[in-house]
Enquirer: 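First, the structure itself, so that you have it in front of you.
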Amino acid sequence: MNLNLNTMESGDILAKALAGQKLFPEEAIHLCSAAELLDLAMAASQINRRHHPDDTVGYAVSKTVVYSNVCQPQCPFCNGTVTADDPLAFTKSADEVVAEVAEAVAARATQITLQGRHRIDLPRAY
């Protein structure tokens with residue numbers, strides 16, 4: 001189904017969600033770009049209460065540790081590759097990465113993601 005984003009109304013889409021109907025990806029994208037934050041928050045709260053009437057909610061404390069922004073120049077997966085000789089290039093030492101993870105753990109992080117680029121030049125031990 002092709003939806004016309006120009007004719008969508010955020011209120012209609014939120015009403016659909018509140019009625020328990022599944023949204024199309026285009027509708028969700030429209031809400032992310034056009035709906036008022038307070039309207040989204042109120043709808044999310046109502047849907048959450050329906051699923052969790054005891055008013056219990058949970059959340060994750062997440063930390064992403066980016067260990068390097070350097071990528072193999074011909075890598076087809078990266079957009080805006082940074083090469084090792086770029087002035088903005090960085091690769092953190094193992095100690096720096098461990099320190100960032102330790103800070104996240106001390107802040108009660110429940111999820112840690114290590115993220116980096118395609119680094120064929122780093123030794124396996126890294």
Enquirer: Rounded to the nearest 0.5 Å, how far apart are CD1 of Ile13 and NE2 of His30?
Expert: 4.5 Å

Enquirer: Is there a side-chain contact (heavy atoms from CB on, under 4.5 Å) between Arg108 and Val61? Walk through the geometry before answering.
Expert: CA-CA 7 Å; Arg108 303 182 91 146; Val61 177; 5.5 Å; no

Enquirer: Would Val65 end up clustered with Val105 when hydrophobic side chains under 4.5 Å apart are linked, directly or stepwise?
Expert: yes

Enquirer: Any chance you could lay out the salt bridge (Lys or Arg N to Asp or Glu O under 4.0 Å) test for Glu103 and Lys63, step after step, and finish with the verdict?
Expert: CA-CA 10 Å; Glu103 287 175 20; Lys63 169 69 175 176; 6.0 Å; no

Enquirer: Which heavy-atom pair separates Phe90 from Ser68 by the least distance, and what is that distance?
Expert: O-OG, 3.0 Å

Enquirer: Is the backbone of Leu31 close enough, under 3.5 Å, to the side chain of Ser10 for a donor and an acceptor to pair up by distance?
Expert: no

Enquirer: Would you kindly confirm whether Leu14 and Leu23 end up in one hydrophobic cluster when ILVMFWY residues are joined by side chain heavy atoms under 4.5 Å apart?
Expert: yes

Enquirer: Show every salt bridge (charged side-chain N to carboxylate O under 4.0 Å, His left out) that has at least one partner inside residues 34-44, sequence neighbours left out.
Expert: none

Enquirer: Should Asp95 and Ser93 be marked as a side chain to side chain donor-acceptor pair (under 3.5 Å) after you check the CA-CA gap, both sets of side-chain angles, and the distance that decides it?
Expert: CA-CA 5 Å; Asp95 289 340; Ser93 70; 5.1 Å; no

Enquirer: What pair of heavy atoms forms the shortest contact from Ala89 to Ala84, and how long is it?
Expert: CB-O, 3.8 Å

Enquirer: Going from CZ on Arg49 to CD1 on Ile47, what distance comes out if it is rounded to the nearest 0.5 angstrom?
Expert: 11.5 Å

Enquirer: With the 4.5 Å side-chain cut-off for hydrophobic clustering, are Ile112 and Tyr126 part of the same group?
Expert: yes

Enquirer: With sequence neighbours excluded, tell me which residues meet salt bridge (charged side-chain N to carboxylate O under 4.0 Å, His left out) with Asp121.
Expert: Arg119

Enquirer: Restricting to non-hydrogen atoms, name the atom on Lys92 and the atom on Val66 that form the minimum distance, rounded to 0.1 Å.
Expert: NZ-O, 3.1 Å

Enquirer: If two hydrophobic side chains count as joined below 4.5 Å and joins carry through other members, does Val97 share a cluster with Leu122?
Expert: yes

Enquirer: Nearest 0.5 Å, please: how far is CG in Asn69 from OG1 in Thr91?
Expert: 7.0 Å

